[in-house]
Amino acid sequence: MSQSHQQPALAKCPGCEEPPAAGDLFCGVCGYDLSAVPARPDDRPTMAITVPPAAQAAGAAGAAGAVRWPAAEETDSSDVPAPVVRPADVPGTDSGGRPLTGPDAPDATPGRGAGSPAGPLPAGGPGAAAVRVRHDDRADPGGAEASGDFALAAPDPRAADHAAAPASGAKVCVACRSGRVDPDGYCENCGHAQPRERDHMEQELDAVAAVSDRGLRHHRNEDSFAVSSTALPDGSAAVVAIVCDGVSSASRPDEASAAAASAANEALLESLPRGTHPQTAMHEAIVAASEAVNALAREPAGAREHDAHRHQNAPACTLVGAIAAGGLLIVGWVGDSRVYWVPEDRTQPTARLTEDDSWAAQMVAAGLMNEAEAYADERAHAITGWLGADAYELEPHTAAFKPDRPGLVVVCTDGLWNYAESGEEMAAAVPADAGDQPLRAARALVGHALDGGGHDNVTVALLPFAVRPQGAGSACDTA
């Protein structure tokens, strides 16, 4: 049969220090399990190492009652000299807030109290240089030396000269205005990711303005535009606006739209001054843009190895453009970006001057659906025409108009017209002073799309079109 060992009598309960009754297994006050208290060894009683309150007070004043700790061993268990680290060797402050180094530091020599005679201290004592601790003293942002701060790796943004130019042409962080931006687009000082240059773009000439924005849902801006003006052989002005929308499901849509807009604009600036008819020039410009996008697909495979997540299908984009020259308004397009005509007199009818290369437009043209049904379908915005190496046979669309009244030409991607689809809705969104302030009006239209949800990139170019009264010099003129 099992035997239980008699529990030794305890003077106090370890939990509440109340004396237990003889034979109790649990404390009657706090319930402490007295059977869990280990028995005292018979041969070596345990001595509590404590400092009575009176002795603590005496030790603080240098009395003889202070506790004397034994000296540390000079070697460890492997006979290797044991390092000795004194409090004065460690930077910081003690529990009273006094520095561990410097003239106010407490005496840290073992065996010496605060009232002991002065003697030589090891390195790090009052005669040594103070060790600086970084604590971001915001009360004195410029006083790093006085506050003990370490010098920052880059200029402190709180005291930086925001007007200073970046060294060697490097970009400066838009957040702290002092750190250099690394090739990955992050500030080397504060770590802020920098906005990409194409996230928001604006350009204004005398007779045309354009704005492009990333929108609220896309991680990058895949739209692009080009606006320019040149002179025809007779000296009259020709104004150009090109807008391109990258196909998101294709590879490098942002590069495709930029290449197309640039190539089309350059082609027009070359052909129009030679006297090429604007409609022919627009057709040739779309062909040139298509070739520029096709060239991206012929890029060597090694050039894309750094981005394993890129799609492998050919780059693609849509294009729409407008030319105001010689009293004519020429439009050209491939895809579903659009051109709208908004007359200066808003009582006059507005018009959409392009037809989408899209599934919905094909259904309506074939008489299979009405417009409301087609655009309510989830396939409505699937495009049937685009620029790219994997496109079907290229069919640039061009049209020529001769307005008899002044107005505004709106050239835009679906990121805008999705929020103002009909001509009347677009006219209602265009500010009344758009003819005089095209850049401000373009910003307002982008804001209209962002207020509507900004689900896509948004790009719009505004081209005011003026007509001179008959009999006042030439029949008409462009602006």
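If you read the sequence from its start, that first residue is 1, and numbering goes on from there.
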Practice task
Taking R220 for its side chain and R196 for its backbone only, find out whether a donor-acceptor pair lies under 3.5 Å.
Solution key: no
Practice task
Please determine, by modelled atom types, if D223 and T459 share a side-chain donor-acceptor pair under 3.5 angstrom.
Solution key: yes
Handout entry: Full working for side-chain hydrogen bond (donor to acceptor under 3.5 Å, both in side chains) between H397 and E395
Key = CA-CA 6 Å; H397 309 291; E395 297 181 1; 5.5 Å; no
Completion exercise
Of all heavy-atom pairs linking S337 and V320, the shortest is CB-CG1, 3.5 Å
Problem - For the student: nearest non-hydrogen atoms of A374 and V364, plus distance - result: CB-CG2, 3.7 Å
Completion exercise
In terms of heavy-atom contacts, V181 and C173 come closest through CG2-N, 3.8 Å
Problem - Heavy-atom donor-acceptor pair, D414 side chain to N418 backbone, under 3.5 Å - result: no
Problem - Flag side-chain contact, heavy atom, 4.5 Å: C317 against V293 - result: yes
Problem - Donor-acceptor contact present, side-chain R198 to main-chain D254, <3.5 Å - result: yes
Practice task
Could you tell me whether a side-chain N or O of S271 sits under 3.5 Å from a main-chain N or O of A267, the two making a donor and an acceptor?
Solution key: yes
Problem - Heavy-atom donor-acceptor pair, H283 side chain to T398 backbone, under 3.5 Å - result: no
Practice task
Would you check if the side chain of W417 reaches a backbone N or O of D336 as a donor-acceptor pair within less than 3.5 Å?
Solution key: yes
Problem - Donor-acceptor under 3.5 Å (Y340 side chain, E421 main chain) - result: yes
Handout entry: N/O donor-acceptor pair under 3.5 Å between N457 side chain and E222 backbone
Key = yes
Problem - Smallest separation among heavy atoms of A281 and L272, with atom names - result: CB-CD2, 3.9 Å
Practice task
Determine the minimum heavy-atom distance between V430 and L408, stating which atoms define it.
Solution key: CG1-CD2, 3.5 Å
Problem - N313 (side chain) donor-acceptor with S249 (main chain) under 3.5 angstrom - result: yes
Problem - Heavy-atom closest pair, residues A207 and P464 - result: O-CD, 3.1 Å
Exercise for the section: Please round to the nearest 0.5 Å and tell me the distance separating atom CZ of F401 and atom CG of L353. Expected result: 4.5 Å
Exercise for the section: Establish, from distance only, whether the side-chain atoms of S212 and N221 form a donor-acceptor pair under 3.5 Å. Expected result: yes
Handout entry: Flag if over 12 foreign heavy atoms under 6.0 Å of CD, E204
Key = yes
Practice task
May I ask you to decide if A427's main-chain N or O and R346's side chain share a donor-acceptor pair within less than 3.5 Å?
Solution key: yes
